[in-house]
Colleague: 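I have a structure I would like to understand better, so I am pasting it below and will then ask my questions one at a time.
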Number of protein chains: 4
Amino acid sequence: MALEVVSKVEVPELVEKRQTQILKAAIELYGRQGYHVTTIREVAQRANVSVGLIYQYVHDKEDVLFLALVEVLDSYLREIPQALEGLADPMERFGAAVHAYGRVIDERIEATLLVYRETKSLGRQRRELLKAKEIESNKLISDCIEQCVAQGLFDEVDVEMLTYMIVMFCHAWALKSWRFRGRLTIAQYVDRGLQLMLHPVVTARGKRSLASVDSRRLAVAEGKPSPAARKTTARKGAKPRH
Amino acid sequence: MALEVVSKVEVPELVEKRQTQILKAAIELYGRQGYHVTTIREVAQRANVSVGLIYQYVHDKEDVLFLALVEVLDSYLREIPQALEGLADPMERFGAAVHAYGRVIDERIEATLLVYRETKSLGRQRRELLKAKEIESNKLISDCIEQCVAQGLFDEVDVEMLTYMIVMFCHAWALKSWRFRGRLTIAQYVDRGLQLMLHPVVTARGKRSLASVDSRRLAVAEGKPSPAARKTTARKGAKPRH
Amino acid sequence: MALEVVSKVEVPELVEKRQTQILKAAIELYGRQGYHVTTIREVAQRANVSVGLIYQYVHDKEDVLFLALVEVLDSYLREIPQALEGLADPMERFGAAVHAYGRVIDERIEATLLVYRETKSLGRQRRELLKAKEIESNKLISDCIEQCVAQGLFDEVDVEMLTYMIVMFCHAWALKSWRFRGRLTIAQYVDRGLQLMLHPVVTARGKRSLASVDSRRLAVAEGKPSPAARKTTARKGAKPRH
Amino acid sequence: MALEVVSKVEVPELVEKRQTQILKAAIELYGRQGYHVTTIREVAQRANVSVGLIYQYVHDKEDVLFLALVEVLDSYLREIPQALEGLADPMERFGAAVHAYGRVIDERIEATLLVYRETKSLGRQRRELLKAKEIESNKLISDCIEQCVAQGLFDEVDVEMLTYMIVMFCHAWALKSWRFRGRLTIAQYVDRGLQLMLHPVVTARGKRSLASVDSRRLAVAEGKPSPAARKTTARKGAKPRH
DNA sequence: GATGAATGAGGGTTCATTCAT
DNA sequence: GATGAATGAACCCTCATTCAT
């Protein structure tokens, strides 16, 4: 199938070893220069193997990219659960998960960007598989949120939306690293983000005019703000659906 | 300089016309297939011009990409302010800005992704220029936030962080469109996001254990959660710096 | 379709000119060295064009081979009819056709061998097309034979078999040129061949034992020739079926 | 010398066994796909040995081809004499030889074609050696012819020419198998061919105009048909054929 | 100003051959 | 003797770029 990468070499340990070797080189180079710009020759050189060898473990240049991206996403799936081991308190688990996510991204900023940039270069099936892996790691976060909600620590929020917000926030550390790096550590960055996401931003006073941020109001208001808009009372408690 | 794109053609209106023609084609193709995979010949064909003609308005293939990305970012800078025209109320302006940002991204999802994927293919100087444009559009949001804070509608939040959170949330509509599209309209998506970002997530009960999400606590706790951790009271009011 | 060779260049005269140029080089090189051994670069060099140019008139290396083989077979179809122009007498036409076939092969020995050697390198459809062309040139011979038969100059022979015999005989000039070249001219070769094919080989005396060459007799005789065999009278007049 | 194939293995029986194994695979694959297209790896796989092993019995990929072609030609030299064993009558021996040639070719059509297609891929010396083997098998036929002539069964024909005609006719069974296979058995094919070659084709009446097939006459006639030609009255209502 | 034929450097990929085990 | 992982030269083909018309 177009999904699997088949190696011409049989010995599993060898396949394992060589793939690690090749993928390490590939991730570095693709991350730094981009996938299309990097030649197989360069990958081979950096991996200290011959060009021909790569093609014994991989069918295509695209295969290398695929395996590289899988490896990156798998590293998330390996590391986040580790950070939760031994933790029982839901809130604590939640915090640990988010911080772990942030940390693992911080450790592989280039690799994370690589996933964003080059997933599109893969065929549909493989793209789907990567999505599945992303959903899987999102689940690590959303499970924690649900626990917090179940235990009454969080309001009845829209779990999926909150999850994506957190995930995107973590990814943003990579995507916008030029903005934050050097000014904050990843830990500080996550702290502040959680602070913001978990605490109310709007003041009591602000609540009165809050309705105006809702699109249903805006549809009316757009272009000519009606005085009525200001009178609309804030919606209470969202009714999240799943 | 490596920054400017110089055309061999003198007549300004012609340059304008041809560039629009070429860039439209380029953005579509780059967006759909990727920059490296798209050939100049394909761009020429789709723009109904000859290959040679492109090279009269552009020096490089990279030039085409640069102009394309600039055009996308400029379109944000054109459209968001438009949505704010005539609005005075800070909260209303804030909502309108975020919704406008969401809308403009929704209208050009592929183009937005293009910026994410291919900015790296440009030289450093041009990359900086694109960043500047992004900061400029972020400013459109952060200004609104600051107004809300100034008027006491928002708490004294970390403005930059909130801005990025909102921006990333809007971008996520493009980046994760496969997750949300078809299930929500962009307006609903933004509504829910704002809802989540502006309202408290943590319950009164949850606040007691909130300290455990903070990295400073976690650093201690990691691996062996101390009972003490649970007693730590939540930090009050973040001290945002700019 | 897999059959057609499409050029990226539009101007027909140019296509014509370039193809001739390329094919001349290709036929020479493929003929001398073999198709697989010859690189496109070599063809380009010998044709005084760049590698890239070849690929504007041809999609594949295989396309070059196909066009080359077609060109060879077409040259037969062009030249043989020419030799018949103005001739009316059937026997004369027959002789002229065979001599022309011999001559055209003699002029392009290498090219003729090329067809034999490399037809298999083509896809099935193209192979069929070449066969059709061969049949077409065989027809030029078989038509002459039929005329001779019709006019009572030839016995009622198995036309197809005789045709193939003649054709193979002509091809043999190329296939076994190492045997005949230098010892005979093509004209002498054809003379002798026709001599042999048209005149009786078996003597009156030989006829009595002729039956023994027939497989139906041999089947019985094989290993232990029966005396009966000798009594069998020679078959008269073959009954060709089609 | 470039002629010999030297094996690194000492044990003769092993060399024998392995070579048979390898050559069987090679002849099949080269015959089906062509020599250049077939990889050593494919040959190894089909022969159920490792790539490395092949190189212990052979120095080159070309060696494999050489041995394969030799094996094919040797099989002719083995089988034809067998068919003559016990036969004494010259005409009978002639018939048996030709039929045997036909049969052995029919049994290895692909292999026969292989010789035609790939002999050129060998070096000059080896090519000469193959030619010698071909001449050797031609001798098997020509000897029979000479016997027939000696005994007055055949006219004093051009033996070599007749030999080649017969040989080519047999080869044609392979070379043009797409034309005859399924319509004739090899035995029928040979029968008809001999019929044609041994019996006069030209009628008594035809003989009068026969001179016109001779090249010496044609040289004069060419382009401007001799007056004689024009006088020949065309017989109308000739025997219709198919 | 516009065209598109021509160029050729460069990249992906294959495969004969070697050699350590 | 046998294996098959490793090598790297070499080939097909693409495509950005030029330039004569």
Side-chain angles (χ1 to χ4, degrees), chain A residues 7-11 14-15 17-18 36-45 48-64, chain B residues 7-11 14-15 18 36-45 48-64, chain C residues 7-11 14-15 17-18 36-45 48-62 64, chain D residues 7-11 14-15 18 36-45 49-64:
Chain A
S7 158
K8 271 159 196 152
V9 177
E10 301 289 338
V11 197
L14 199 51
V15 175
K17 178 186 147 199
R18 291 306 196 187
H36 287 101
V37 167
T38 305
T39 68
I40 283 286
R41 250 174 206 78
E42 285 176 291
V43 175
Q45 241 148 29
N48 278 316
V49 295
S50 65
V51 204
L53 186 119
I54 291 186
Y55 283 92
Q56 292 216 319
Y57 294 89
V58 132
H59 177 256
D60 241 1
K61 192 189 177 190
E62 208 206 272
D63 274 5
V64 180
Chain B
S7 156
K8 274 159 195 152
V9 178
E10 307 287 336
V11 196
L14 200 51
V15 176
R18 290 305 198 189
H36 286 102
V37 167
T38 305
T39 67
I40 284 285
R41 195 166 257 90
E42 283 178 290
V43 175
Q45 246 149 24
N48 278 315
V49 296
S50 66
V51 206
L53 186 124
I54 291 186
Y55 282 90
Q56 293 205 311
Y57 292 90
V58 130
H59 176 257
D60 239 5
K61 191 190 177 190
E62 207 205 272
D63 275 5
V64 180
Chain C
S7 158
K8 271 160 198 153
V9 177
E10 302 290 337
V11 199
L14 200 51
V15 175
K17 179 187 147 199
R18 291 306 196 187
H36 287 102
V37 167
T38 305
T39 68
I40 283 285
R41 232 173 218 78
E42 284 177 290
V43 175
Q45 242 148 28
N48 277 316
V49 295
S50 65
V51 203
L53 185 118
I54 292 186
Y55 284 92
Q56 292 216 316
Y57 293 90
V58 130
H59 177 254
D60 241 3
K61 193 189 176 191
E62 207 206 271
V64 180
Chain D
S7 157
K8 274 160 195 152
V9 178
E10 307 287 338
V11 196
L14 200 50
V15 174
R18 292 304 199 188
H36 286 102
V37 166
T38 305
T39 66
I40 284 286
R41 193 164 259 92
E42 282 177 292
V43 175
Q45 246 150 23
V49 296
S50 66
V51 209
L53 185 123
I54 293 186
Y55 281 90
Q56 293 206 312
Y57 293 89
V58 129
H59 177 255
D60 240 6
K61 191 191 175 187
E62 207 206 270
D63 275 4
V64 180

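Source: prediction; values computed, not measured. Order of the sequence lines sets the chain letters (A, B, ...), proteins ahead of strands, with each chain counted from 1.
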Colleague: Taking the nucleotide of DNA chain F with the closest heavy atom to each, which residue, D:Arg18 or A:Tyr57, is nearer the 5' end?
Modeller: D:Arg18
Colleague: Rounded to whole Å, how long is the line connecting atom CD1 of B:Ile54 with atom C1' of E:dG1?
Modeller: 15 Å
Colleague: Which ranges of DNA chain F pair up as stems, where a stem means three or more consecutive Watson-Crick or G-U pairs with both distances under 3.5 Å?
Modeller: E:2-21 with F:2-21
Colleague: Sequence neighbours left out, what passes side chain to side chain donor-acceptor pair (under 3.5 Å) with B:Ser7? Give chain and number order.
Modeller: none
Colleague: Roughly, in whole Å, what's the span from CG in A:Leu14 to C1' in F:dT3?
Modeller: 14 Å
Colleague: For A:Val37 and A:Glu42, work out which heavy atoms get closest and say how close.
Modeller: O-OE1, 3.7 Å
Colleague: Measure the distance from CD on A:Glu10 to C1' on F:dG4 and round it to the nearest whole Å.
Modeller: 10 Å
Colleague: What donor-acceptor contacts under 3.5 angstrom involve side-chain atoms of residues 52-61 of chain A, with partners at least two apart or in another chain?
Modeller:
{"unit_1": "A:Lys61", "atom_1": "NZ", "unit_2": "A:Tyr35", "atom_2": "O", "d": "3.1"}
{"unit_1": "A:Lys61", "atom_1": "NZ", "unit_2": "A:Thr38", "atom_2": "O", "d": "2.8"}

Colleague: Drop me the distance from A:Lys17's NZ to A:Leu14's CG, to the nearest 0.5 angstrom.
Modeller: 6.0 Å
Colleague: How would you summarise protein contacts on nucleotides 13-21 of chain E per nucleotide, using B for base, S for sugar-phosphate only and - for none, with heavy-atom distances below 4.0 Å?
Modeller: BBBSBB---
Colleague: Using a 4.5 Å cut-off on heavy atoms from C-beta on, say whether the side chain of A:Arg18 contacts that of A:Val9.
Modeller: no
Colleague: Just verifying a value: how many Å separate C:Ser50 OG and C:Arg41 CZ, rounded to the nearest 0.5 Å?
Modeller: 10.5 Å
Colleague: Give one of base, sugar-phosphate or nothing for C:Glu42, where a contact means two heavy atoms less than 4.0 Å apart.
Modeller: nothing
Colleague: Using a heavy-atom cut-off of under 4.0 Å over every strand shown, decide if B:Gln45 touches base, sugar-phosphate, or nothing.
Modeller: nothing
